[in-house]
Amino acid sequence: MHDLQLFRGQLEETATRLASRGFRLDLEAFRGIDRRRRDAVTEVEKLKAERNERSKDIGARKKAGEDTAELQAQVRGIGERIAELESGAEGLDREFQDLLKGIPNLPHESVPLGAGAEDNVEVRREGTPRPMDFEAKAHWDLGTELGILDFERAAKVTGARFAVYFGLGARLERALINFMLDTHTAEHGYTETLPPFLVNSESLFGTGQLPKFAEDLFKCENFDLWLAPTAEVPVTNLLRDETVDTDRLPIKLCAYTPCFRSEAGSHGRDVRGIIRQHQFQKVELVKFAHPEQSYAELESLTHDAEDILRKLGLPFRTVALCTGDMGFSSAKTYDIEVWLPGQNSFKEISSCSNFEAFQARRAGIRYRGAKKSEYMHTLNGSGLAVGRTWVAVVENYQQKDGSVIVPGALRPYLNAEVITRQGVLS
RNA sequence: GGAGAGGUGGCCGAGUGGUUUAAGGCGCACGCUUGGAAAGCGUGUGUACAGGAAACUGUACCGAGGGUUCGAAUCCCUCCUUCUCCGCCA
């Protein structure tokens with residue numbers, strides 16, 4: 001959410017910057033409703049001031065033993081007038097707030113201009129794909145043939161876009177989680193956090209998923225609880241409505257959680273394999289930073305996420321998302337894309353964003369500034385999406401016979417050097 | 001699930017219908033005092049919105065939402081949450 005004063009003060013410039021990310025702000029409508037709302041509020045407040053004053057007078061007169069029946073009747077009339085006007089004022093205010101809540105964040109000046117993914121800018125590329133003297137298979141074939149991955153039984157138990165892992169397949173997922181958490185805590189200075197996997201509406205509003213993107217989420221019936229679509233939601237909201245001393249910044253947390261997404265609107269995309277599932281595992285990096293430091297923190301956070309791929313020997317590239325391709329709440333985003341030989345392309349495996357004060361303002365996350373408390377900046381990034389890392393390991397380290405070499409960094413966790421056919425249920 | 005007790009500013013804590021403009025304390029900031037510091041003394045110390053060039057003023061906020069009243073931190077209702085005991089449970 002935006003700072004109303006700032007927003008109003010630089011309306012034209014703001015509209016231009018929003019247009020660069022494809023959002024059209026209707027200036028006429030904005031000014032109109034803002035004006036009407038302020039007029040209505042002013043009128044109601046005037047009446048309330050009068051009522052307060054006269055009520056106080058009644059109190060004083062009663063104490064002096066006077067008869068105040070007539071005065072009370074007059075003030076009751078004011079009260080009725082207030083009730084009439086107030087509902088109108090509240091309606092206008094709600095309308096205005098809804099308009100404001102629906103406006104995406106402003107892109108940082110360093111974000112490349114563009115309309116869609118084709119305008120994103122590659123900022124670096126590391127690692128080279130392992131040479132293969134055979135045709136690379138996709139993970140869905142490798143996984144099912146190895147007996148470590150099963151889509152049909154998952155569909156029976158739950159439905160489409162779910163998977164079951166067996167044996168070393170399941171263990172590989174767990175190994176990756178532990179490897180990522182160990183690396184981020186021991187080497188990158190993050191504090192391990194295990195948050196709830198269900199979150200309430202207020203938390204989802206704080207990080208920006210609600211009210212606009214409810215259809216992307218799973219909701220519990222009869223409860224104000226939703227399955228978290230990313231650990232960003234529970235972890236960022238840990239500091240909701242709190243004010244933190246400046247010298248404690250930056251606060252760096254990492255968390256493993258399952259993530260649940262309805263994937264409404266992505267029918268037909270990534271239908272095969274585990275690239276796009278309703279449930280996936282993720283290790284998330286979250287930072288709370290001083291506004292002056294947040295862009296340096298974004299660079300290091302992105303580097304921390306890339307580090308997992310470096311250690312696993314997986315080729316990747318990092319792209320700066322253009323204005324038209326960024327998420328609703330983000331001011332700047334880097335996507336990290338890993339090389340997948342089975343698809344012969346790079347695939348997003350992490351998205352690292354600086355939200356500046358956009359989430360902090362919605363969630364009331366502050367630090368104690370020089371004079372008064374100010375909104376801090378929040379950042380987060382996947383470090384990494386575990387399911388997609390699983391895919392990357394399996395596809396990049398596959399051998400001609402269909403087995404998978406375990407990268408050195410994972411061997412202590414997996415207790416195996418190569419994944420061969422398990423054949424437990426198939 | 002049952003019974004009981006709570007939720008008040010950055011923190012502690014008073015406050016059961018009307019100068020509460022939320023007492024008092026701690027903390028913090030500034031000033032006085034001091035060779036310097038501490039102590040002491042004094043002043044100030046929330047958020048949001050509205051009005052105003054500004055100083056400043058108004059409105060709302062005492063867990064949340066409704067209600068009663070001329071007037072609600074205070075009375076009533078619903079919900080959330082914390083603690084204690086009991087029951088159930090991994």
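Side chains are part of it too, since the values below use all heavy atoms of this structure and drop only hydrogens, waters and symmetry mates. Here is how names work: the chains are called A, B, and so on, in the same order as the sequence lines, proteins then strands, and each is numbered from 1. Quick caveat, the model's predicted, so the values are computed rather than measured.
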N or O in side chain of R38(A) less than 4.0 angstrom from G51(B) OP1/OP2:
yes

Is the number of heavy atoms from other residues, nucleotides or ligands within 6.0 Å of NZ (K156(A)) greater than 12?
no

Compare the minimum distances between each of G18(B), U59(B), G71(B) and the side chain of R51(A), then state the nucleotide with the smallest one.
G71(B)

Rounded to whole angstrom units, what separation is found between the CG atom of L239(A) and the P atom of G10(B)?
16 Å

Please name the nucleotide paired to G52(B) by Watson-Crick or G-U wobble geometry with both distances under 3.5 Å, or report none.
none

Tell me: CG of L47(A) to P of G71(B), nearest whole Å?
13 Å

Closest to the K62(A) side chain: G18(B), U21(B), A60(B)?
G18(B)

Take atom P in G66(B) and the same atom in G52(B), then report the distance between them in whole Å.
29 Å

Less than 4.0 angstrom from a charged side-chain N to a carboxylate O is my criterion; do E50(A) and R54(A) meet it?
yes

In the strands shown, is C32(B) matched to any nucleotide by a Watson-Crick or G-U wobble pair with both distances under 3.5 Å, and which?
G40(B)

Whole-Å C1' distance, A90(B) and A3(B)
25 Å

Spacing between R361(A) atom CZ and U47(B) atom C1', to the nearest angstrom
15 Å

Measure the shortest side-chain to side-chain distance between H303(A) and R310(A) over non-hydrogen atoms and say whether it is less than 4.5 angstrom.
yes

Distance in angstrom units between H2(A) NE2 and A48(B) P, rounded:
17 Å

Below the 4.0 Å mark, does A50(B) have OP1 or OP2 next to a side-chain nitrogen or oxygen of Q5(A)?
yes

It should be established whether R37(A) places a side-chain nitrogen or oxygen under 4.0 Å from OP1 or OP2 of nucleotide A50(B).
yes

Whole angstrom value for the distance that separates C1' of G9(B) from CG of D241(A):
15 Å

My understanding is that a pair needs two contacts under 3.5 Å, Watson-Crick or G-U wobble. By that rule, which nucleotide pairs with C70(B)?
G18(B)

Partner of C61(B) by Watson-Crick or G-U wobble geometry, both contacts under 3.5 Å, or none?
G46(B)

Does C11(B) pair with anything, Watson-Crick or G-U wobble, both distances under 3.5 Å, and if so, with which nucleotide?
G25(B)

Minimum side-chain heavy-atom gap R366(A)-M376(A) below 4.5 Å
no

Please determine, for the side chain of L4(A), which listed nucleotide (C70(B), A60(B), C49(B)) has the closest atom?
C49(B)

Looking only at atom C1', what distance separates C62(B) and G15(B), rounded to whole Å?
11 Å

Atom-pair distance (CG on D67(A); C1' on C70(B)), nearest Å
13 Å

Quick one: is R8(A) getting a side-chain N or O under 4.0 Å of the C49(B) phosphate, OP1 or OP2?
no

Reckon L71(A) touches a base, only the sugar-phosphate, or nothing at all at heavy-atom distances under 4.0 Å?
nothing

When you check the phosphate oxygens OP1 and OP2 of G51(B), does a side-chain N or O of R35(A) lie under 4.0 Å from one of them?
yes

When all nucleic acid strands are considered with a 4.0 Å heavy-atom cut-off, which category describes T243(A): base, sugar-phosphate, or nothing?
nothing

Whom does G4(B) pair with, Watson-Crick or G-U wobble, provided both distances fall under 3.5 Å?
C83(B)

Please state the P separation for the pair C77(B) and C41(B) - nearest whole angstrom.
46 Å

From U21(B), C49(B), U59(B), pick the nucleotide closest to the side chain of K48(A)?
U59(B)

Neighbour count above 12 (heavy atom, 6.0 Å) for K212(A) NZ:
yes

In whole Å, measure the gap between the C1' atoms of U43(B) and U81(B) for me.
39 Å

Between G2(B) and G13(B) - P atom distance, rounded Å:
29 Å

Would you indicate, yes or no, if G18(B) has its OP1 or OP2 atom less than 4.0 angstrom from a side-chain nitrogen or oxygen of N52(A)?
no

Donor + acceptor pair across side chains of N178(A), Y256(A) (<3.5 Å)
no

R366(A) vs D57(A), nearer the 5' end of RNA chain B by closest nucleotide:
D57(A)

salt_bridge(R31(A), D34(A)) N-O dist < 4.0 Å:
no

Please report, rounded to the nearest Å, how far the P atom of G51(B) is from the CD atom of E45(A).
9 Å

Please report the distance separating the P of G17(B) from the corresponding atom of A73(B), rounded so that it comes out in whole Å.
13 Å

Could you measure between the two C1' atoms, the one in G18(B) and the one in U74(B), and give it in whole Å?
12 Å

Separation of atom CZ in R54(A) from atom P in U59(B), rounded to whole Å
15 Å

Taking atom CD of E84(A) as the centre, report whether more than 12 heavy atoms of other residues, nucleotides or ligands fall under 6.0 Å from it.
yes

